[in-house]
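Structure first, then comments.
Proteins get letters first, then strands, A, B, ... in listed order; numbering begins at 1 in each.
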Amino acid sequence: MTTTHPESDVILEVKDLQKHFPTRTSGIIRRASDPVKAVDGISFTVRRGETLGLVGESGCGKSTAGRTMLQLLEPTGGSIHYNGRDITGAHGNDLRKLRTEMQMVFQDPYGSLNPRQTIGTIVAAPFDIQGITPKGGVKAEVQSLMERVGLNPEHYNRYPHEFSGGQRQRIGIARAVALRPKLIVCDEPVSALDVSIQAQVVNLLEDLQAEYDLTYVFVAHDLSVIRHISDRVAVMYLGKFMEVADRDELYSNPLHPYTQALLSAVPIPDPRKENKRERILLKGDLPSPINPPSGCVFHTRCPRFREELSDTERKRCTTEIPLVQKIGDHEVACHFAGPSKVEVL
Amino acid sequence: MFAYIVRRVAAGMVMILAMSLVTMVLFFASPVDPARYTCGKNCTPELLEQNRKALGYDQPVLSYWVDFTKGIFVGSEFPKDPALKKSAPETIADCPAPCLGYSPQSSRPVRDIIVEKLPVSASLAIAAFIMWMIAGVGLGIVAALRKGTLVDRAIVGSALVFYAFPTFFIGLGLYVFLALKWGIVPVPAYTSIADGGVGLWLQGLLLPALTLALVYIAGYIRLTRAFVLEAKGEDYLRTAQAKGLKSGRILFKHTLRGALTPIATVAGLDLGGLLGGTIITEQVFNYDGLGRTAVMAATTYDLPVTVGIVLVAATFVITANIVVDVLYAVIDPRVKYS
Amino acid sequence: MSSRKRTTALAALGVASVLGVSACGGGGTTGGTTSGSNAAGGAQKGGTIYWLTKRPAEHMDPQRTYIGRDIFNQQRLVYRGLLQFPSGKSGADAIVPIPDVATDAGKSEDGGKKWTFTIKDGVKWEDGKPTTCEDFKYGFSRNFATDVLTGGPSIYPLNYLPSVAKAYKGPYLKTGQDVYDKAVTCNGNVLTFNFEKPWADFPQAVAGLNFAAPFRQDKDQGDKNNFVIFSNGPYKAQGGKWTKGTGATFVRNDQYDPKTDGNRQANPDKFVFTEGLTNEIITQRLIADGGNDKYAITDRSIPPAFYNQITGAVEKRATNVPSPYTFYILPNFNKMKNLKVRQALAMSTDRSGYINALGGAKAATLAKSLVAPDLPGYKENPAFTMPPAGDPAAAKKLLQEAGVAMPYPITYTYQGGTPTSDNAAAALKSGWDKAGFSVKLAPLTDTYYDVIQNPANNSFDVTEGGWGADYPSIFTVLPALFDSRINLTGKSNGQDYGNYKNPEAEKIMDEAAAAPNQDAANAKWQQLDEFLGKDVAYIPNYIQNFYFLHGSGVGNYNQNPAVSMFPDLGVISVNKS
Amino acid sequence: MSTWVPTEGTSEALLSVRDLKVTFPTEDGLVKAVDGLTFDLNAGETLGIVGESGSGKSVTSQAIMGLHRGTRAKVEGSIGFEGRDLLKLEDEELRVMRGRDIAMIFQDPLSALHPYYTVGNQIVEAYKIHHGKTSKSAARAHVIDMLERVGIPNPQKRIDQYPHEFSGGMRQRAMIAMALVNNPRLVIADEPTTALDVTVQAQILDLLMDLQKEMNSAIIIITHDLGVVAEMADKIMVMYGGKAVEGGTADQTFYSAEHPYTWGLLQSMPRIDRERLERLQPIPGNPPSLISPPSGCAFHPRCAYRDDENLGCSTIVPEFDVQDWHPVRCLIPAPKRKAIFDTEIRTPSS
């Protein structure tokens, strides 16, 4: 296990992370059977101050990955180093201390706020839990936080239901940044919001990142938002990374057939361009994460596999798990990585 | 599914045995000496000791429970006195498996008592169940369809009145006014079908079942109304409407199917709970069912009968739970047990 | 049932909700009431009488039955014994034993130690077989099987045959059968009891309890018999048994020959007993008087809440008579050792306040002795001269004379938990407090008997009790409650809750028990009662009243001491309109 | 395309909505969910209605279907369909048209399908109600055919499965099959792909367009996603606070948008097809209350170009001139709007 110096620019190093959810057999005596492999061996680093976008369709394991790296879920395998320190399996006091540095913003701003607590109490909770009293007292600090995220500090004593969706997400953000963490995992923070509000929250997150020197892992299914906010983007499919690259590189020159299909599917708000685009349509449905396809997990739906490869090449896809290979600035898990034949965007 | 049922039944049996132990431990821990209740008037310490022995309470609770549990599986006999059995076998009560014990206060095996009282409680529960299901669900649907109107308010309001009154008052009120003062119905008394035919059986059930039903009707009206209203807000009803279906079809095929599923669950559990006896109604109407017998057993410290009825009632509740869960899988194709 | 627990509970629960339990004869000068349009003798035959009650019968086995109500209903309907009390008589006449299956009232020899009876011919069991001397001998033997047949009044036969009781364990185990066979013998149809001590009022005991009832050996199944009814009387049980919690229906027994009897009128064709009803429902049904309830009777008193509805035509169907149950207050002699203090307590006891709390004059009658007025030998206890409401001033004087510090602290422990019992206790406290006591009320529920029967527990100074005679003899009252030799065992104080132990009193008891005839015995009992009164071993409180309703179609309705003041089924009839 | 709608009485469009108003009484006051909507739609045409939550776009579709009948909502104006005013029809007349002439596709196919009945049961029911004489087996055969047309593999087997046994995309296909089973003239698709993943969304949009060509149906697609309308719509109506604020062809809306709210939408969306340039430009504030909307122009509190003094944005209610060829509900003079768009608003193709 390589250890990174605390002062290095890698804040989080994840190696071969796995999260499997157990299932049981039917029958009178229920034995454990094949687990759901929600996250199945992903490795990546997050650099200090950057935003890593984690994108994929529902069921690909991106949210589970986000929660597991924060130890909200216990990993089944692999390791997580934070600032060079192995935090895999941290619990109790260690974990509580880690929470001052690693926080999470959730998708559903209403569901993650206790409806019986005032905003003041909710935002102050991290201080209570950690037993920290900020300078000037908790209330003053909370009110200044509220102001910072664009809430009226006079609304300190109001309840979540008195706020709109966008405001609730601001409350969630205020709570997350209260302890000045270093790393925040944002799990679909804007997908429940209307377009005009979504932009407000995205901007707020960017401003806070600059101001507090935050590092984000931004989990989302919206490829446009990911492109806007991320420095690097990882594309997930069935618990594995398909492709990781710098933002613009990934969007302008995707090398993995899945990335290509994904990007080509997004409609562009530009009718003329849209009319000229050719879609790479994926056939069929997402396979089960309990019994993922052999070899490359994507091969069952892969257009390249279907249309471009010879039988011997296909054999490789169905039997051999593709290793992550470096192609230019890309890390791609595909035996036959390469640019798409059609323009995807 | 079969495996699921087997697992649930096994878990239920373990729970029932645990409940019997808990009941016995509580009983043995009570400061009251049950032997006093059987000893007679001029009781002496020696007689008291003999009574305690005859009752079986001279042994520790655990061995009492082991005896009891053994009886369930292999049967038992009372009293367990080899000398007595040798010299006077005719005095030994045989209690074949599943033996639920022997009540010294009733001088017969508990199972016989339960077999005798169960039809009374079951008749009452089922008759009441039919009444409240028809009236409660029917009125609930009407109230939901007429939501906000006078009809709705009248139904919900009058249901609340019955809901607010204790069963005892409703029962006594019906008894005194309908049967005694005005003589509209005969004084209720339980007559088994074997003794009096279906007519007398139903006649006897009328008031007590109505009492019990009135208590439940309110809940079912509210429940049905709420579920129908909830179902009416479901997207799939909008779909049904958008398809151009007629309102009757929308109501019966689409709305009620969704709304009544949870009602079926609650109803099954309620019925299961009632089959084990309805204490207040049975007492008010002097129905010699499991509920009244249980109260009598508890007040006379008749442990075997108490335990027996507790277990039978628990069995009904547990069975109802299993049946309801299985039924749910039948009604709702999304539910699968493995 | 008729444990002392239940009996004493009467006091705490108050008259209205009290259970009519405890065996009893009666006798003497007061009670007896008859109503209904038909005078005795001219009663109509046929119809059905409905007996409505609350408390289920606990035994139908004659040897195990100890509740007065059940004993006399059994006697009048299904179990014929050696002797019986006459039907439909009142006062002292009601408790003179008369022959039933025996040809006469029994002959005693050897100063009351040997009793012989001759068995009549023609008294048949319901299966047509004759009731024989052997049936009586076998029935009596069952009293010794105390481990199988619990709950009955076997204490009496065992008391008069102590050495038999040691050797003989009843007809099931059969150990010591030879000893028993010598004590009770059959010679043809002559039945002889050879007691080890004189039993002067044995006939009263035989008529007042069922321990000497005959029993068919071939029908005996021990405990399993408990609710089986095998009749030799005018009726038999439908299905041959009583159903606990439900009751039973009695129909005519075609094997019964009224010529062998002459006492039971057996007017109705049918009796239907329904148990498990509440007092309120019973009262409401009887007030309404509808349908079959026109022919209904009960052993449950009208609850005070209904008193104002007992007017007009309903009032004509109500009867109010003193029951055989007397309630008393008693000092704990382990604590209240000073006679003057006990006298002060008696002097300041507000009995009228107590009775008012119970529901007033309809619910209870002031008691003038622990002995019930119906018992032979009853006399007002001259020691208790205080007014019904007590005399706190006089009591205060007594307390001062006692030379104790005032206020004198006492704890009154009673079976509480009901408003009635708490109000009654409050009335006592108020009277005693006025006299210079400082009363702490200690209501107990489940643990009541654990406290007052524990001789080592001195947490109470005063408590209360209730008692009814087992058969018409003061022997079944005063010694049962105050003879330390049978009560105080170290582990328990039995019925002697006050831990009373006085050799002088016990000497009088022995003299009374050994008296050759009843008159001599009664004189001694009166002397004993007065002695106990002077010693303030107890303070008589009240006699519970029976306030019963019966239906308008009931004829020959009669309550008398022969049947413990319950409705007498030997004379009752149905008025057909 | 000429004007937004033709002059009074001359519309020969398939669907001709005039001054549609939908109000709901609530405890807090009267909600004006739709406030004076006018538009036309021809056969084979697709209208995209764009707006955020609360803009009234879904209520509009339900009003056309007559789904507000029997509720406390009040619907006014007129909805002409093939020359008949749907609002004046008897309940039974309208019921017969539902599903047969006008069909609807809902946002969440899982909740829009009854969980207790098989997919086939529900589609056969939709067919049989309007084809009473058809035998069961014929209806079933027709439905299997329909399932095949919407791209559901193995329809003979799938027809007997329950909705929960379908994937999200397959469910929406089934929903489309149900909507199109009677060859309706008008299909209303209310956020048909919002609940779906992008790759599935692409499949569904493709399918809708193919089927439209085949059947020559008119489609109203309701969405908040400008990308979806860019792909689907011939003309677009942007709604804000229950009112149309801009209407025109797809080109007009994307390449010469004139309403500040439309600008806001275009500016605030991150773009997948572009390198990130700068911060997003969100529309400040929150959507308006429908009970007490802002005075004057409903958008003025959030509008960057408001001019209360000279234009009276906070006092004068701007009109939506349906006789215009590109109606815009804005008080800013048209030349100035064009100038702002050209200079300040990033055009999609830039």
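- Side chain to side chain, A:Tyr212 and A:Arg148 fail the donor-acceptor criterion of an N or O pair below 3.5 Å.
- No part of D:Met232 comes within reach of chain A, as not one of its non-hydrogen atoms sits under 4.5 angstrom from that chain.
- For chain D, the nearby parts of A:Asp194 are the backbone and the side chain; heavy atoms of each come within less than 4.5 Å.
- Checking side-chain atoms of A:Asp246 against main-chain N and O of A:Asp248 turns up no donor-acceptor pair under 3.5 Å.
- For the options A:Lys283, A:Arg277, A:Glu206, heavy-atom pairs under 4.5 Å to chain D are most numerous at A:Glu206.
- In this structure, A:Phe163 and A:His155 have perpendicular ring planes: the angle between them is above 60°, well past the 30° mark.
- For the set A:Val195, A:Ile280, A:Val201, the entry with the most heavy-atom pairs within less than 4.5 Å of chain D is A:Val195.
- Highest contact tally toward chain A, considering only D:Thr199, D:Ile283, D:Leu226, is held by D:Thr199 [criterion: heavy-atom pairs under 4.5 Å].
- The greatest number of non-hydrogen atom pairs below 4.5 Å with chain A, out of D:Pro284, D:Ala202, D:Pro270, D:Gly285, is found for D:Pro270.
- Top candidate by heavy-atom pairs under 4.5 Å with chain D, chosen from A:Asp222, A:Leu262, A:Asn203, is A:Asn203.
- Ring pair A:Tyr237/A:Phe298 is perpendicular by interplanar angle, where above 60° counts as perpendicular and below 30° as parallel.
- In this structure, chain D has a heavy atom under 4.5 Å from the backbone of A:Ile229, while its side chain stays farther away.
- In this structure, the portions of A:Gln200 lying under 4.5 Å from any heavy atom of chain D include both its backbone and its side chain.
- With a threshold of 4.5 angstrom between heavy atoms, A:Ser58 approaches chain D through its backbone and through its side chain.
- Here the rule is ring pair (Phe, Tyr, Trp, His ring centres under 6.0 Å) with D:Trp263, and of D:Phe299, D:Phe254, D:Tyr305 only D:Tyr305 fits it.
- With a 4.5 angstrom heavy-atom cutoff, A:Arg247 touches chain D only via side-chain atoms.
- Most heavy-atom pairs under 4.5 Å with chain D: of the set A:Ala261, A:Pro267, A:Gly59, A:Ala265, this distinction falls to A:Pro267.
- With chain D as the partner, the residue from A:Leu282, A:Val344, A:Leu286, A:Ile197 showing the most heavy-atom pairs under 4.5 Å is A:Leu282.
- Residue A:Val202 touches chain D through its side chain alone, counting heavy-atom pairs closer than 4.5 Å.
- Panel note: side chain D:Asp190, backbone D:Gln107; no donor-acceptor pair is recorded below 3.5 Å.
- Between chain D and the residues A:Arg279, A:Glu274, A:Arg227, the most heavy-atom pairs under 4.5 angstrom are made by A:Arg227.
- A salt bridge is defined here as a Lys NZ or Arg NE, NH1 or NH2 lying under 4.0 Å from an Asp or Glu carboxylate O, and A:Arg272 with D:Asp251 meets this definition.
- Residues A:His330 and A:Glu249 have side chains that bring a donor and an acceptor to within less than 3.5 angstrom of each other.
- Ion pairing between D:Arg158 and D:Glu148 fails under the 4.0 Å rule for side-chain N and carboxylate O.
- For a residue to count as touching a neighbouring chain, one of its non-hydrogen atoms must lie under 4.5 Å from one of that chain's; by this rule D:Glu231 touches chain A with backbone and side chain alike.
- Contact annotation for A:Leu281: only side-chain heavy atoms (C-beta onward) come within less than 4.5 Å of a heavy atom of chain D.
- Although no hydrogens or angles enter the test, the distance criterion places a donor-acceptor pair under 3.5 Å between the side chain of A:Gln169 and the main chain of A:Pro189.
- Between D:His259 and D:Tyr261, the ring planes are perpendicular. Angles over 60° get that label, and only those under 30° would be called parallel.
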